[in-house]
Undergrad: 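One structure follows; several queries about it will come next.
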Amino acid sequence: MRIKQLLAASLVSIGFLSATPMLAQNSNTIMVQVNKPVAAVQPTMWGVFFEDINLGADGGIYAELVKNRSFEFYQPLMGWTVTQNKFNEGSVLVMNREEKNTANPRFIRITRDAATDTLGITNEGFRGMGIKKGLGYDFSVMYRQPVAGLKLHIELMSTAGKVIGATTITPAATTNDSWSKASASFNATDTSLKGKLNIWFEGTGKIDLDMVSLFPEDTWKKRPGGMRADMIQLLADMKPGFIRFPGGCIVEGHELSTRYQWKKTIGPVEERQLSINRWNNEFAHRPTPDYFQTFGLGFFEYFQLAEDIGAAPLPILNCGMACQFNTAEVIPIDQLDPYVQDALDLIEFANGDITTPWGKVRAGMGHPAPFNLKMMGVGNENWGPQYIERLKIFSKAIKARYPEIKLVNSSGTDPNGERFDYLNGELRKMNADIIDEHYYRRPEWFLANAARYDNYPRNASKIFAGEYAAQSDHTVSIENKNNTETAIAEAAFMTGLERNAAVVNMASYAPLFAHIDGWQWTPDLIWVNNVQSYGTPNYYVQKLYSLNKGTNVVPALMDGKSVSGQDSIYVSAVIDTKTGDVIVKLVNPSAKPVSKIISLNGAKKLSAAATLTLLKSKEDGEVNTFANPDAVSPVMSTIPVKANKIAAVLPAHSFSVYRIGIK
Ligand code: AHR
């Protein structure tokens, strides 16, 4: 009651309330009742789903340019080539100190015993290295040598094989078998889309090398060893309400031994134990044998990223089950404790006081303040009674210690069918906080299901539309395109998410990133190569919803009904009590323009003009490309508001966002 009074007071203060009578309704008019909020829009409503798929982390947002920097790939010299003008047995030797260092056992030993030999190693990067003219690059390497003798020549090479940046390092002798770090910064003299890193050796001697690393200086927030700024900027521009990490199926692993374990992803990078990326060999039609997780981007960095972009963190943890499409391994119930403990410890790592064991670890990494974790997922796309059995144990333990943490639970892989029905029933019996629903479906499905949530129970579990994307062909087809047909279908569907914000509290498109030369899954929201990144039409749909989130849903009715496909259009509306605006979203997926009158009722006085942000396609199926990244992108204009009405023309294949100020 108190909340209702407060909301009414704020509506009055910004002019939403008036005695304007309801106008007559007809099918040419969309009636928006700005003074009748029906539900709050949660700050988390529109977020992003991050997974290390398609070279999303290593080779993607993690800006490290050297692939296999610590020689831990299953083939220890994958990504590297050795150059020598005279064969010399053992001049580059892969050494393994497994007994002493389980997290980072391998390193290489370079021996150069004849001053006339050419000896060098070259790293090919992740499908090449993106090098930018004039930009600074930070090279570093861990080394060990009892006697100084070798000089390292570091060179950036262009695609054509020209040196486009160089420096040298002469490492000093190290004592007692200990490792030192040598580093040097230098500028690139040219740009290259697919450059390489050469290291060649001068002098004679023997040196051990590990963690050979090269980062550009222009990382996000200029953090050394940080993230690729252009990619993160695209996320920040969306102002996402949350960021889910680290996936996706990567949480589950192909088998339990390769599941995502957050504790192995924090602390000094050279101590983070590499794991195979489950997308390495997932699809025979898109093999990626050089795909591993170095965890240079780990849980600390994910939390920091969330904080940087103002998004609520949503970590998802393994529930004791490996991917059920793969091995479907499960941990016996009597051995589940360490998994549950990982969840409890993660909450302490994120939120605990610095006097707590895990809070102290966080502080030691440079973040004494808590990360303000409020929710956590248990299991990704897990299903069956085995999931429910394990989930109940997790839920009991987490709620007993941290009742304030909301738990996200899996409803499986599909939005309907026996698996979904079983899980949905069980989760509702458990009074689940948030149910995660996934749908990878054709555009027609999105249009036909825009009213999916109209009849979901309001006072029960909330919904997280956790992974969705319209598939122009079919799920896991390599023909799927991020085109306007799929983007506009998603926009139409999202009117239903917004209208039902009373039950849908979160939504995110998936997957987020794809590297043009290293992807396994399409469609994806943002595409990158080594130097460029662009948003797809689907990205702009997500961004427009997020930037026009508002605070409260208001009715937008045609003939007294919500608009979900009548006359081929889809409509939702919100008010923003912070800015004092009413925002109306209209989607026309059809091939013909549609004209409607938007009648804004219940406001004392409206601004004389509305801002229209329009995303439209010249033809269905248009795409953005590296050559033309803004081919489909929002265009702004102003449209008159006369007598509280707007004459709206919705072009074919379009998404329109009208924002009108309340005076
Ligand atoms: O988004 C790609 C994959 O789709 C995710 O990893 C998984 O959760 C879903 O099956």
Side-chain angles (χ1 to χ4, degrees), residues 47-58 60-61 235 242-255 258-260 275-283 285-286 288 291 293 302 314-319 321-328 376-384 387 408-417 419-420 423 434-442 445-446 463-478 480-482 486 490 506-515 518-527 536 538-539 542:
V48 290
F49 160 98
F50 179 83
E51 176 166 20
D52 190 3
I53 183 174
N54 304 320
L55 303 192
D58 286 284
I61 61 172
L235 298 189
F242 66 89
I243 178 166
R244 165 180 169 176
F245 55 86
C249 292
I250 208 158
V251 171
E252 303 160 50
H254 186 273
E255 56 276 297
T258 55
R259 72 191 187 278
Y260 197 98
S275 174
I276 193 170
N277 186 306
R278 58 97 61 207
W279 297 106
N280 180 308
N281 49 15
E282 177 67 13
F283 295 132
H285 58 282
R286 297 293 301 174
T288 323
Y291 204 0
Q293 300 177 84
Y302 283 126
L314 172 54
I316 307 279
L317 297 190
N318 186 291
C319 64
M321 301 174 77
C323 181
Q324 288 161 277
F325 290 118
N326 300 150
T327 60
M376 174 190 275
V378 178
N380 175 47
E381 281 184 345
N382 294 111
W383 65 76
Y387 173 58
V408 172
N409 301 164
S410 161
S411 67
T413 56
D414 291 283
N416 47 27
R419 274 184 191 148
F420 175 86
L423 287 173
I434 304 167
I435 300 178
D436 181 7
E437 296 190 356
H438 294 181
Y439 12 88
Y440 296 99
R441 290 287 191 272
R442 297 236 347 130
W445 183 93
F446 281 82
I463 296 298
F464 170 28
E467 292 184 32
Y468 62 89
Q471 315 284 297
S472 63
D473 192 20
H474 61 84
T475 316
V476 310
S477 161
I478 59 170
N480 285 325
K481 298 278 179 294
N482 284 100
T486 57
E490 287 151 11
M506 304 165 76
S508 48
Y509 183 99
L512 187 53
F513 289 114
H515 189 293
W519 59 269
Q520 298 78 46
W521 181 294
T522 180
D524 304 286
L525 203 61
I526 295 167
W527 284 81
T536 58
N538 315 70
Y539 168 83
Q542 295 292 320

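Bear in mind the structure is a predicted one, so any value in this text is a computation, not a measurement. Indexing begins at 1, ligand by ligand and atom by atom, following the structure's order. Any value given below was found using the heavy atoms of this structure, including those in side chains, with hydrogens, waters and symmetry copies removed.
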Undergrad: Within a distance under 4.0 Å of any heavy atom of E51, pick out the atoms of ligand 1 and give their elements.
TA: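 Ligand 1 atoms under the 4.0 Å threshold to E51: 5 (C), 6 (O).
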Undergrad: Hey, is W279 touching ligand 1 through its side chain, its backbone, both or neither, going by heavy atoms under 4.0 Å?
TA: side chain
Undergrad: If you count the atoms of ligand 1 from 1 in the order shown, which ones are under 4.0 Å from a heavy atom of N380?
TA: 7 (C), 8 (O)
Undergrad: To the nearest 0.5 angstrom, please state how far the OG atom of S275 sits from the CD atom of Q293.
TA: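 It is 5.0 Å, given to the nearest 0.5 Å.
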Undergrad: If we only count N/O pairs under 3.5 Å, is H438 in contact with ligand 1?
TA: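 No, there is no polar N/O contact under 3.5 Å.
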Undergrad: Nearest 0.5 Å, please: how far is CG in D473 from NZ in K481?
TA: 8.5 Å
Undergrad: Would you check if there is a donor-acceptor pair between the side chains of Q324 and N382 at a distance under 3.5 Å?
TA: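 Indeed, the side chains of N382 and Q324 share at least one donor-acceptor pair under 3.5 Å.
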Undergrad: Could you tell me which residues satisfy side chain to side chain contact (heavy atoms under 4.5 Å, CB included) with S410, sequence neighbours excluded, listed by chain and number?
TA: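 For S410 the side chain to side chain contact (heavy atoms under 4.5 Å, CB included) partners, ignoring immediate neighbours, are Y387.
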Undergrad: Can we say E467 and R244 salt-bridge, meaning some charged N sits less than 4.0 Å from an Asp/Glu carboxylate O?
TA: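 A salt bridge is present here (some side-chain N lies under 4.0 Å from a carboxylate O).
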Undergrad: Is G247 close enough to touch ligand 1? Criterion: a residue heavy atom under 4.0 Å from a ligand atom.
TA: no
Undergrad: Which residue and atom name correspond to the protein heavy atom nearest atom 10 (O) of ligand 1, and how close is it?
TA: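 So the nearest neighbour among protein heavy atoms is E381 OE1, 2.7 Å.
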Undergrad: Indicate, as side chain, backbone, both or neither, the part of T413 found under 4.0 angstrom from ligand 1 when only non-hydrogen atoms are considered.
TA: neither
Undergrad: Quick one: look up the protein heavy atom nearest atom 8 (O) of ligand 1 and list residue, atom name and how far away it is.
TA: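 Its nearest protein heavy-atom neighbour is E467 OE2, 2.7 Å.
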Undergrad: Between W445 and Y440 (judged by ring centroids, cut-off 6.0 Å), do the two rings come close enough to count as a pair?
TA: no
Undergrad: Quick check on contacts: which atoms of ligand 1 are under 4.0 angstrom from a heavy atom of G248?
TA: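 What qualifies from ligand 1 is 5 (C), 6 (O), 8 (O).
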Undergrad: I need the atoms of ligand 1 closer than 4.0 Å to a non-hydrogen atom of P511, numbered in the order shown.
TA: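 In order of numbering, the contacting atoms are 1 (O), 2 (C).
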Undergrad: Nearest heavy atom to atom 1 (O) of ligand 1: which of F49, Y440, F325 does it belong to?
TA: Y440
Undergrad: Working to the nearest 0.5 angstrom, can you tell me the gap between L317 CG and Y260 OH?
TA: 10.0 Å
Undergrad: Examine the side chains of E51 and W279 and answer whether a donor and an acceptor come within less than 3.5 Å of each other.
TA: yes
Undergrad: Do ligand 1 and A510 have nitrogen or oxygen atoms that lie under 3.5 Å from each other?
TA: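 No, A510 has no N/O under 3.5 Å of an N/O on ligand 1.
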